[in-house]
Amino acid sequence: MGTEALDSTPTPRVSMVMPVHNGARWLADAIASVLAQDFSDFELILVDDASRDASPAIMAEAAASDPRITLLRLDTNVGLPAALNHGFAAARGEMHSWTSDDNLLRPNMLARLVATLDAQPEADIVHADFALIDDAGVELGISRVGPVERLLYGNNIGACFLYRARVTEALGGYDTGLFGVEDYDFWLRAAQRFTFVALHEDLYLYRKHGGSLTSQRSEQIQALTAQIVERALPDTLPARSRSEILLGLALRSSRSWRLDLVRRAFRADPQPVLARLPALARWSLVVARNRLAA
């Protein structure tokens with residue numbers, strides 16, 4: 001692994017990590033959106049995860065043009081969660097965040113997130129609403145983040161967030177065995193120990209496109225999601241809630257039979273399963289058709 005830029009600058013308040021693997025298409029715009037922040041007391045750590053396209057040249061040019069950028073080069077492709085861990089191992093800021101090479105920050109994102117944590121010293125993590133955009137950058141709508149109390153029902157923390165460095169330290173970073181759901185797992189673990197604040201302001205642009213990791217690995221991500229949510233279910237959770245969560249996990253996939261989850265939901269509390277029998281019947285038909293088509 002190689003590192004460019006020396007730690008000779010004053011310690012920044014915020015460390016922003018951007019892992020990159022063959023992300024040249026939108027990379028320059030993603031970097032520019034970080035550098036254009038109204039809040040300037042940050043460092044941007046670019047982690048080149050063994051890219052083979054034009055990404056290294058784009059990152060090198062950016063690092064040479066702004067002293068707030070540090071460039072880390074990995075010799076082998078380690079995947080998103082491990083690349084994030086490499087980035088945060090080099091982070092010097094008291095607050096952490098990360099972004100992707102295909103997404104964009106609104107100019108006031110860091111200013112608003114930092115101000116929120118500064119105003120609430122008892123809070124550890126702030127997460128905000130964000131807009132969805134397509135390949136061309138056209139806005140498709142707003143995604144509103146949800147309360148952490150509903151986190152077991154789905155990853156409602158979203159793509160726009162800032163958390164104190166002590167969260168990274170306490171959780172040991174991202175689980176490298178959970179590529180695709182590493183962020184959801186991180187939030188599930190964080191929710192057991194830290195305080196979240198939801199900020200209902202649109203501060204980020206999340207790009208939906210066919211080449212995204214979520215699109216490419218949807219079935220594997222759904223299987224891993226079921227694994228981490230089941231692991232996070234507390235023993236004290238009411239039977240009705242356990243049944244609803246397990247049933248929701250079962251119905252997420254359109255290509256695999258998750259009757260094991262339906263059975264566990266029924267054992268926990270039959271009522272949610274019985275109430276959704278029509279949905280289960282439709283789901284079974286869709287899964288059967290998709291399996292035959294495959």
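Because only heavy atoms are used, hydrogens play no part in the values below, and waters and symmetry mates are left out as well, while side chains stay in.
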Check your understanding: Strictly under 6.0 Å, is that where the ring centroids of Phe194 and Trp187 end up?
Key -> no
Rounding to 0.5 Å, atoms CG (Asn155) and OH (Tyr184) come to a distance of 6.0 Å
- Item | Working for salt bridge (Lys or Arg N to Asp or Glu O under 4.0 Å), residues Glu94 and Arg164 | CA-CA 6 Å; Glu94 65 187 73; Arg164 303 190 192 276; 5.4 Å; no
Margin query: Between Asp134 and Lys208, is there a side-chain heavy-atom distance shorter than 4.5 Å?
Written below: no
Residue pairs passing the ring pair (Phe, Tyr, Trp, His ring centres under 6.0 Å) test with at least one member in residues 22-76, sequence neighbours excluded, are Trp26-His209
Check this for me: does any side-chain nitrogen of one of Arg13 and Asp41 sit under 4.0 Å from a carboxylate oxygen of the other? no
d(Leu247 CG, Arg264 CZ) to nearest 0.5 Å is 12.5 Å
* Side-chain heavy atoms of Leu140 within contact of Ile133, under 4.5 Å -> no
Residues Tyr204 and Thr99: side-chain donor-acceptor under 3.5 angstrom: yes
Test: Arg25 and Asp135 ion pair at under 4.0 Å
yes
TODO: Would you kindly say whether His96 and Ser15 are connected by a side-chain donor-acceptor distance under 3.5 Å?
DONE: no
Residue pairs passing the side-chain hydrogen bond (donor to acceptor under 3.5 Å, both in side chains) test with at least one member in residues 119-128, sequence neighbours excluded, are Asp124-Arg166
Looking only at heavy atoms, the pair that brings Gly137 and Arg207 closest together is N-NH1, 3.7 Å
In this structure, CG of Asn22 is separated from OG of Ser51 (nearest 0.5 Å) by 5.0 Å
- Query: Is there a donor-acceptor pair closer than 3.5 Å between any side-chain N or O of Ser55 and the backbone N or O of Gly23?
  - Reply: yes
Between the CG atom in Leu110 and the CG atom in Leu105, the distance rounded to the nearest 0.5 Å is 6.0 Å
CG (Leu249) and OG1 (Thr225) are apart, to the nearest 0.5 Å, by 7.5 Å
_For the residue pair Arg263 and Phe266, would you count it as a cation-pi contact if the rule is NZ or CZ under 6.0 angstrom from the ring centre and within 45 degrees of the ring axis?_
no
Min side-chain heavy-atom separation Pro56-Asp48 under 4.5 Å = yes
The reported gap from CG in Leu199 to CG in Leu117 (rounded to nearest 0.5 angstrom) is 10.0 Å
Item to complete: Would you check if the side chain of Ser243 reaches a backbone N or O of Arg240 as a donor-acceptor pair within less than 3.5 Å?
Response: no
* Heavy-atom count around Arg231 CZ within 6.0 Å, excluding the residue itself: above 12? -> yes
All heavy atoms of Asn156 vs all of Leu151, minimum pair found to be OD1-CD1, 3.6 Å
Inset, instruction - Assess whether side-chain contact (heavy atoms from CB on, under 4.5 Å) is satisfied between Val114 and Val14, documenting all intermediate values. - result: CA-CA 8 Å; Val114 169; Val14 174; 3.7 Å; yes
Taking the six-membered ring where the residue is Trp, are the ring centres of Phe161 and Phe186 under 6.0 Å apart?
no
Between Pro234 and Arg242 the two heavy atoms that sit nearest each other are O-NH2, 2.8 Å
Query raised in the report: Run the side-chain contact (heavy atoms from CB on, under 4.5 Å) check on Leu203 and Leu113 step by step: do they pass?
Result: CA-CA 9 Å; Leu203 300 176; Leu113 297 183; 3.9 Å; yes
*4.5 Å side-chain heavy-atom contact, Leu27 and Asp29*: no
Of all heavy-atom pairs linking Ala123 and Val197, the shortest is CB-CG2, 3.5 Å
Can Asp38 and Arg106 be counted as an ion pair, charged N to O under 4.0 angstrom? no
- Query: Does the side chain of Ile45 come within less than 4.5 Å of Val47's, by heavy atoms?
  - Reply: yes
Discussion item. Less than 4.0 angstrom from a charged side-chain N to a carboxylate O is my criterion; do Arg189 and Asp175 meet it?
Written reply: no
query: For Val145, does its backbone N or O pair with a side-chain atom of Asp129 as donor and acceptor, under 3.5 Å?
result: yes
request  = Apply the test side-chain contact (heavy atoms from CB on, under 4.5 Å) to residues Leu237 and Ile245: give CA-CA distance (whole Å), side-chain angles for both, the deciding distance (0.1 Å), then the verdict.
outcome  = CA-CA 10 Å; Leu237 190 69; Ile245 291 168; 3.9 Å; yes
Nearest heavy-atom contact between Gly87 and Val17 is C-CG2, 3.8 Å
Residues Asp269 and Ala239: closest non-hydrogen pair is CB-O, 3.7 Å
Quiz item: Taking 4.0 angstrom as the limit, do Glu43 and Arg68 come out as a salt bridge?
Solution: no
